[in-house]
Amino acid sequence: MQIFINEKNKKGHINPEIYGHFSEHLGRCIYEGLYVGENSDIPNVNGMRKDVVDALKEMKIPVLRWPGGCFADEYHWKDGIGPKEKRKRMINTHWGGVLEDNSFGTDEYFELCGQLGCKTYVNGNVGSGTVQEMSEWVEYVTFDGVSPMADLRKANGHEKPWKIDYFGVGNESWGCGGNMTPEYYANLYRRYQTYIRQYRNDAPIKKVCCGPNASDYFWTKDVMKTCYSQPHPDSAHGYMDGLSLHYYVVPENWSKKGSATDFDEKSWYKTISKALYMDELIVRHSAIMDQYDPEKKIGLMVDEWGCWYDVEPGTNPGFLYQQNTMRDALTAGVTLNIFNKHCDRVKMACIAQLVNVLQAVILTEGSKMILTPTYHVFHMYRHHQGAELVESFIEGNKTIGVEAEYQVSEVMESVSVGADGVVNVTVNNLSASGAAPIEISFTELEPSSIEASILTGGIREHNTFEEPENIKEKTFTEFKTEGRKISFTAPACSIISLRIK
Ligand code: AHR
């Protein structure tokens with residue numbers, strides 16, 4: 001099969017935030033996964049795990065969403081500031097019924113993002129919080145003057161304000177965030193967002209409106225109709241800068257989702273085909289957004305996506321802890337390729353979740369840490385961040401699968417060119433068992449140097465604390481070049497990244 005690349009035809013900017021992540025007060029994501037406290041034996045900087053922070057920096061994490069998720073609409077930020085021994089203790093009723101001691105709060109989140117060098121995405125509480133509470137949170141974090149909230153921040157040891165890059169007004173307001181109708185939420189959104197004041201001219205806050213659950217096109221239509229507005233003095237883009245979209249890949253169904261590691265080829269193709277459905281979701285939601293915003297001023301923010309399986313046997317069902325195999329690597333690979341191809345509308349995406357929850361890039365056990373296959377995909381794709389998408393298409397692709405309903409195209413790709421002129425190609429072979437011979441053809445470029453890496457293994461293979469490097473990115477050299485062409489064979493179940501000059 002042939003991948004044609006028209007490297008001269010630039011199609012749009014790939015916002016780095018498309019490679020974003022999500023961290024919720026859920027299970028062992030924040031506590032143990034990211035934050036262990038200053039007094040822990042696990043090496044940490046101001047309480048943040050050093051091994052995890054280093055790995056995330058190496059992966060080039062661009063943005064981190066926090067504190068939820070469903071937790072966001074039960075979170076009262078003032079419970080999580082000030083001396084730790086005085087912070088309110090509560091039960092995390094949504095996730096596992098465990099004690100939340102609020103030792104990780106606003107100050108710790110901004111410390112973490114500072115260490116990671118990533119943008120910030122705070123999700124506010126509309127479900128059970130007030131307009132005043134949300135407004136004061138923004139004042140606490142971003143106001144650089146004399147005011148009750150800025151003074152409180154200073155009293156807590158932070159003289160200078162931080163930056164909020166993105167602010168989400170409610171989470172899943174159609175579900176755990178208040179079970180609202182689109183009409184009701186849309187009006188609340190207009191009201192709440194009014195009080196997200198822009199205190200920093202140098203760092204305007206982008207406001208994210210709660211968007212649909214998967215294929216709920218009615219939600220998108222109703223909310224866009226009420227909330228979209230032309231640019232307004234308070235915001236670069238009127239009332240909203242983005243509309244969120246949540247979509248999880250569940251191999252079977254919500255009551256019996258399927259095992260993360262014990263599955264067959266039938267389930268492999270079903271899962272991959274459900275991941276590819278992201279493309280249709282983006283096309284159809286974008287078509288509705290285009291009716292209001294044809295110039296694509298606002299972004300579709302896919303701020304929760306990933307695979308959701310049954311929890312690992314013996315773990316707390318409320319902690320959503322799951323293993324991560326080559327199947328997750330390929331679902332991440334195709335999803336990121338889809339986002340790249342829709343970079344005109346998709347401006348941010350956050351995989352759920354960062355550590356120890358759902359499709360995590362990192363798993364921890366005490367002081368041990370492993371990188372999952374999904375981590376390696378984000379690492380291999382990092383060069384797309386901030387690059388320009390270029391035209392590419394495939395000829396001679398095969399349709400493969402076990403069940404008629406879940407057939408997929410064998411190979412998927414996306415291509416970008418960086419500011420340094422290097423062309424980035426990421427290719428997925430979705431076959432569970434067959435290698436794919438591939439020839440890449442450029443319009444003009446005659447490659448003079450290529451650096452490539454590969455992630456491959458059996459469909460169920462994964463890393464464990466005993467075998468942490470079973471699956472890892474390896475240098476790939478088995479390609480030939482001739483004039484404008486590069487040829488190689490992509491093994492079954494593989495991801496290949498090429499950097500071409
Ligand atoms: O990521 C887990 C949960 O999934 C989030 O809290 C919620 O927003 C979604 O339903």
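Counting convention: from 1, in listed order, for ligands and their atoms alike. Residue indices begin at 1 and follow the sequence shown.
- Side chain of Asn171 to main chain of Gly68: no donor-acceptor pair is present (N/O by atom type, distance under 3.5 Å, no hydrogens or angles).
- Side chains of Asn340 and Ser416: a donor-acceptor N/O pair is absent below 3.5 angstrom, by distance only.
- The distance from ligand 1 to the heavy atoms of Leu358 drops below 4.0 Å at these ligand atoms: 1 (O), 2 (C).
- In summary, the atoms of ligand 1 found under 4.0 Å from a heavy atom of Phe22, numbered by their order in the structure, are 1 (O).
- In this structure, Arg284 satisfies the cation-pi test against Tyr217, with its NZ or CZ atom closer than 6.0 Å to the six-membered ring centre and inside 45 degrees of the ring normal.
- If you check the gamma sulfurs of Cys209 and Cys227, they are not less than 2.5 Å from each other.
- The atoms of ligand 1 that sit less than 4.0 Å from any heavy atom of Cys70 are 5 (C), 6 (O), 7 (C), 8 (O).
- Around atom 1 (O) of ligand 1, the closest heavy atom drawn from Trp95, Phe71, Tyr248 belongs to Tyr248.
- Across His246, Glu172, His25, heavy-atom proximity to atom 10 (O) of ligand 1 is greatest for Glu172.
- For atom 4 (O) of ligand 1, the nearest non-hydrogen atom of the protein is Glu304 OE1, 3.2 Å.
- At a 4.0 Å heavy-atom cut-off, ligand 1 touches Gln353 through the side chain alone.
- In this structure, a donor-acceptor pair under 3.5 Å is present between the side chains of Tyr239 and Arg190.
- Side-chain contact of Tyr381 with Asn424: a donor-acceptor pair under 3.5 Å is absent, judged by distance alone.
- With a 4.0 Å heavy-atom cut-off, ligand 1 is reached by the side chain of Asn171 but not by its N, CA, C or O.
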